[in-house]
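Fair warning: this is a prediction, and the values are worked out from it, not measured in the lab. All ligand and atom numbering here is 1-based and tracks the order in the structure.
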Amino acid sequence: MSDPYRPRYHFTPPRGWMNDPNGPIHWCGRYHLFYQHNPDQTVWGNLHWGHAVSDDLVRWQHMPVALGIPDDDLHRHGVWSGCCVADDDGSAAILYSTHDPSTVCLARSTDDDLRTWTRHADNPVILGLPEAARPSDIFRDPYCWRERGEWRMAIGAGSWDSNGAALLFRSHDLQKWEYLGRLGEGPEEGGETEWRGVWECPLFWKIDDTYVLIVSSLDIRSDPPRARVLAMTGSYDGIRFEPRVRERLDYGDAFYAPNVLHTENGRHIVWAWLRECRSEDVGEQLVWAGCLTLPRVLHLDRDGRVVMAAAPEVEQLRTFTQTWEPGVGELAAWLKARAGVSLEIELTWHGGRSGPRGLAVCAAEDGSEETRIVHDPDRGLLLIDRSDSRAGETPSVHSQTVSAPLATRADSPLELRIFLDQSVLEVFTGTTACLSTRIYPAHTSSIGLRLIGASEQVKAVSIHEMAAI
Ligand code: FRU
């Protein structure tokens with residue numbers, strides 16, 4: 001039986017569980033992506049590095065597992081997140097973490113297709129947290145880059161009862177590492193709780209003269225634990241990063257642990273894990289769990305804030321496009337005739353609004369379920385309201401509304417770009433307001449689209465059917 005929740009044009013593991021994307025790299029003319037993968041079950045644990053390869057960043061071919069779990073004490077919790085870099089000796093190098101003991105380990109490949117990996121004979125290359133960086137509870141997720149002829153590495157750290165940090169190291173050979181200090185850290189205890197949490201999966205690079213530090217912050221003191229991705233931009237003196245701007249990267253509840261590919265033509269392409277928004281006991285009955293966002297191009301706006309948009313490569317997946325403009329007919333009827341659950345939808349409104357405006361997707365004919373994507377200008381919010389996404393009682397499926405600040409002048413035009421792919425929703429606005437989440441309608445017949453707000457204000461709508469990858 002086909003699975004109505006399995007995305008068709010977003011990356012999913014062939015079977016089993018996935019979480020973080022790991023080590024994206026362009027190698028011998030192709031794109032490689034690795035990911036945290038439990039091939040045997042649809043729950044977290046038993047973590048391998050899954051592997052996929054692509055020529056175009058959107059269509060992926062599954063490859064055999066790149067890093068399995070050696071039968072030793074070091075790897076008893078599996079092979080955790082890390083990065084992949086091209087070394088000067090012509091090899092590709094993966095630096096990954098282990099947990100309990102917390103270490104960084106090294107593996108190398110010289111294959112054109114990165115199939116076979118040889119672990120460094122003297123693993124781990126870093127064992128435990130340096131004395132100078134204590135106290136800290138976590139220490140994981142190396143991210144490496146070249147700087148002034150050396151290798152640098154940022155590692156996620158922090159204490160569950162205080163704040164998060166990214167630790168900075170340097171090396172000449174990816175094997176011997178020297179601790180340099182704290183690259184960045186979260187607010188002190190008692191500071192803004194919004195920013196509280198240990199830092200996982202740091203990413204750090206420069207766009208023009210501005211440095212970008214992205215961390216996945218996990219706060220287990222909130223109930224339920226809060227996992228959110230923070231984007232900071234600012235300056236860097238070679239040891240210390242000073243943020244000028246701090247914001248969330250994506251305000252949805254499914255988005256976590258992004259990773260980045262820096263392309264030769266200077267683009268920064270981000271993927272993140274889109275977790276399931278249903279409980280793991282539902283997951284036990286599944287064939288797969290977890291998927292990735294579309295590739296997103298990340299850039300800075302004039303205020304140094306991080307803005308993401310779907311990579312232009314995604315447009316290759318459009319198979320059939322229909323456009324509504326004033327004159328084409330009545331919009332509500334036009335939308336009604338264009339139902340679907342594997343679509344890209346572009347919606348533009350004129351300025352001069354009155355109230356909330358948006359689109360309901362996955363709407364049932366009888367109104368029993370729908371998911372509302374709404375811009376509420378009075379509250380300055382972009383919302384995905386899931387309170388009616390699933391008819392009936394299903395406590396294990398998330399139904400909270402997710403929202404992102406989107407302050408516009410009362411008369412500003414608005415552009416929404418919505419990617420709906422079975423259970424995946426990604427919404428972009430061309431600004432920092434970006435939302436991704438998951439929905440699980442009860443009925444496969446709930447495929448309708450319904451305009452929210454007055455149709456006179458709508459300037460144009462394009463609906464693209466999307467190819468499966
Ligand atoms: C983030 C994370 C990383 C860790 C990995 C383990 O989701 O917790 O910190 O390396 O997942 O799967």
**Message:** Is there a polar contact, in the sense of an N or O pair closer than 3.5 Å, between Trp80 and ligand 1?
**Reply:**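 No, Trp80 has no N/O under 3.5 Å of an N/O on ligand 1.
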**Prompt:** Taking the six-membered ring of Trp27, is the NZ or CZ of Arg30 close enough (under 6.0 Å from the centre) and on axis enough (within 45°)?
**Reply:** no
**Item:** Any residue meeting salt bridge (Lys or Arg N to Asp or Glu O under 4.0 Å) with Asp71, in chain and number order, not counting sequence neighbours
**Value:**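 Asp71: no salt bridge (Lys or Arg N to Asp or Glu O under 4.0 Å) contacts found.
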For [X], the ligand 1 atoms whose distance to one of its heavy atoms is below 4.0 Å:
| X | result |
| --- | --- |
| Trp44 | 6 (C), 12 (O) |
| Asp141 | 3 (C), 4 (C), 9 (O), 10 (O) |
| Leu47 | 6 (C), 12 (O) |
| Tyr256 | 1 (C), 7 (O) |
| Ser81 | 5 (C), 10 (O) |
| Gln36 | 5 (C), 6 (C), 12 (O) |

**Request:** Among all protein heavy atoms, pick the one closest to atom 11 (O) of ligand 1 and tell me residue, atom and distance.
**Result:** Asp20 OD2, 3.1 Å
**Prompt:** Per the ring-ring contact (aromatic ring centres under 6.0 Å, His included) rule, which among Trp151, Phe204, Trp205 passes with Trp145?
**Reply:**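 Testing each of Trp151, Phe204, Trp205 against Trp145, the sole residue satisfying ring-ring contact (aromatic ring centres under 6.0 Å, His included) is Phe204.
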**Message:** I'd like to know whether the aromatic ring centres of His32 and His51 sit less than 6.0 Å apart in this structure.
**Reply:**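 Yes, close enough.
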**Message:** Ring centres under 6.0 Å, that's the criterion: do Tyr5 and Tyr440 meet it?
**Reply:** yes
**Asked** With Cys105, which of Ile94, Leu95, Leu74, Val125 fulfils side chain to side chain contact (heavy atoms under 4.5 Å, CB included)?
**Response**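 For Cys105, the side chain to side chain contact (heavy atoms under 4.5 Å, CB included) test succeeds with only one of Ile94, Leu95, Leu74, Val125, which is Leu74.
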**Message:** Determine whether Asp100 and Arg140 satisfy the following criterion, salt bridge (Lys or Arg N to Asp or Glu O under 4.0 Å), listing intermediate values before the conclusion.
**Reply:** CA-CA 10 Å; Asp100 192 19; Arg140 56 176 175 253; over 6 Å; no
**Message:** Just to be sure I read this right, does ligand 1 sit under 4.0 Å from the backbone of Asn19, its side chain, both, or neither, counting only heavy atoms?
**Reply:** side chain
